[in-house]
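For reference, the structure is listed below as structure tokens.
In listed order, ligands and their atoms are each counted from 1. The shown structure was predicted, so the numbers you read here are calculated from the model rather than taken from an experiment.
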Amino acid sequence: MKEFVFVKRKNINYVLDEKGHLKKYKPWLGDVFSFLYDSIMEKSIFPKKFNADIEKHFDILKREGKNIHHANILEVATGSGNAVNFLNKVNNYTGIDISPGLLRRAHSRFHESGFETIELYVAPAEDLPFPDHRFDFAFCHLSLNFFDDIELFIKELKRVLKAGATFFCSVPVPERKPAKTTIHGTLYTENELKTIFKNSGFRFESKSHENGALFYFTASRLK
Ligand SMILES: C[S@@+](CC[C@H](N)C(=O)[O-])C[C@H]1O[C@@H](n2cnc3c(N)ncnc32)[C@H](O)[C@@H]1O
């Protein structure tokens with residue numbers, strides 16, 4: 001079983017390495033503009049790059065999560081804390097992200113929205129700082145395309161989820177992408193995602209929601 005040591009600074013947990021130094025990661029490009037992040041997503045990324053509707057996106061996420069209460073939830077790539085727009089407040093929320101600036105903003109939003117249990121960690125998706133089988137449910141929105149090593153992430157995801165637990169994800173895919181737009185990161189097709197998750201021990205289910213370039217799916221950890 002992996003073990004981790006943390007130090008908490010201004011409500012954010014940092015992982016210590018074996019020498020007691022803070023583990024640091026290169027923050028995502030958007031970290032510098034964390035105060036502008038939400039407006040860029042709403043006014044530029046959603047309409048121009050995804051050809052999608054941000055309100056519809058939150059509505060889909062709210063509907064998918066409406067029956068989740070009092071669960072240990074992991075969000076991979078918390079960003080600025082958009083989960084306040086769709087997640088029930090009575091859950092125990094844990095979020096990770098490599099961008100401390102966005103996590104600081106997320107902490108204020110969760111706090112102001114009345115979430116009681118919030119733990120935020122500066123950590124990459126490929127090295128989750130949690131013990132095995134810790135979470136009942138996990139989600140990751142609009143971020144999978146930025147991860148350096150998707151297979152390593154899925155291996156870590158499987159390790160920290162309980163048997164039968166579900167992962168819910170939204171991600172832009174190339175076959176739905178409007179012509180002429182550039183979406184950064186590595187775009188996997190729906191079939192590629194299905195194959196990677198199935199080969200890693202998950203039951204994969206494509207969701208039928210239509211919202212521009214975005215593909216919504218769940219992957220449940222088999223026993
Ligand atoms: C487009 S934002 C999405 C944020 C949030 N999930 C949302 O829906 O608004 C992408 C996020 O992925 C994070 N990110 C990029 N690479 C990562 C990695 N390897 N591990 C964890 N987070 C990462 C960035 O810091 C950023 O917060």
Side chains of Asn82 and Arg109: donor-acceptor distance under 3.5 Å anywhere? yes
Donor + acceptor pair across side chains of Ser80, Asp38 (<3.5 Å): yes
Under 4.0 Å from a heavy atom of [X]: which atoms of ligand 1 are those, numbered in the order shown and with their elements?
X      : result
Glu126 : 19 (N)
Tyr37  : 1 (C), 2 (S), 3 (C), 4 (C), 5 (C), 7 (C), 9 (O)
Leu102 : 27 (O)
Gly79  : 4 (C), 27 (O)

Sort out for me which residue in Tyr121, Phe130, Tyr14 forms a ring-ring contact (aromatic ring centres under 6.0 Å, His included) with Phe6. Tyr121
Over 60° means perpendicular and under 30° means parallel, so tell me whether His57 and Tyr216 are parallel, tilted or perpendicular. tilted
If the plane angle is over 60° it's perpendicular, under 30° parallel, otherwise tilted; pick one for Tyr93 and Phe139. tilted
Side chain to side chain contact (heavy atoms under 4.5 Å, CB included) with Phe202: of Leu222, Thr166, Thr218, Ile154, only one passes, and it is Ile154
Region of [X] engaging ligand 1 - heavy atom pairs below 4.0 Å:
X      : result
Ile98  : both
Leu142 : both
Val76  : neither

Does Asp148 come within less than 4.0 angstrom of ligand 1, counting non-hydrogen atoms of the residue? no
Tell me, please: is Phe153 in heavy-atom contact with ligand 1, that is, under 4.0 Å? no
Are the ring centres of Phe217 and Phe215 closer than 6.0 Å? yes
For Asp53 versus Glu55, what's the shortest heavy-atom pair and its separation? OD1-N, 2.8 Å
Have a look at Asp97, Asn145, Ile45 and point out the one with the heavy atom closest to atom 24 (C) of ligand 1. Asp97
Heavy-atom nearest option to atom 10 (C) of ligand 1, drawn from Ser143, Pro124, Ser80, Ser34: Ser143
So is there a nitrogen or oxygen of Phe147 less than 3.5 Å from a nitrogen or oxygen in ligand 1? no
Is there a nitrogen or oxygen of Ser99 sitting under 3.5 Å from a nitrogen or oxygen of ligand 1? yes
Nearest to [atom], what protein heavy atom do you find, and at what distance?
atom                    : value
atom 26 (C) of ligand 1 : Trp28 CE3, 3.4 Å
atom 5 (C) of ligand 1  : Ala77 O, 3.5 Å
atom 20 (N) of ligand 1 : Ala125 N, 2.9 Å

Would you say that more than 12 heavy atoms from the other residues, nucleotides or ligands in this model lie under 6.0 Å from the NZ of Lys162, or not? yes
Would Phe115 and His107 count as a ring pair (Phe, Tyr, Trp, His ring centres under 6.0 Å) here? Give the steps. CA-CA 10 Å; Phe115 278 78; His107 187 273; over 10 Å; no
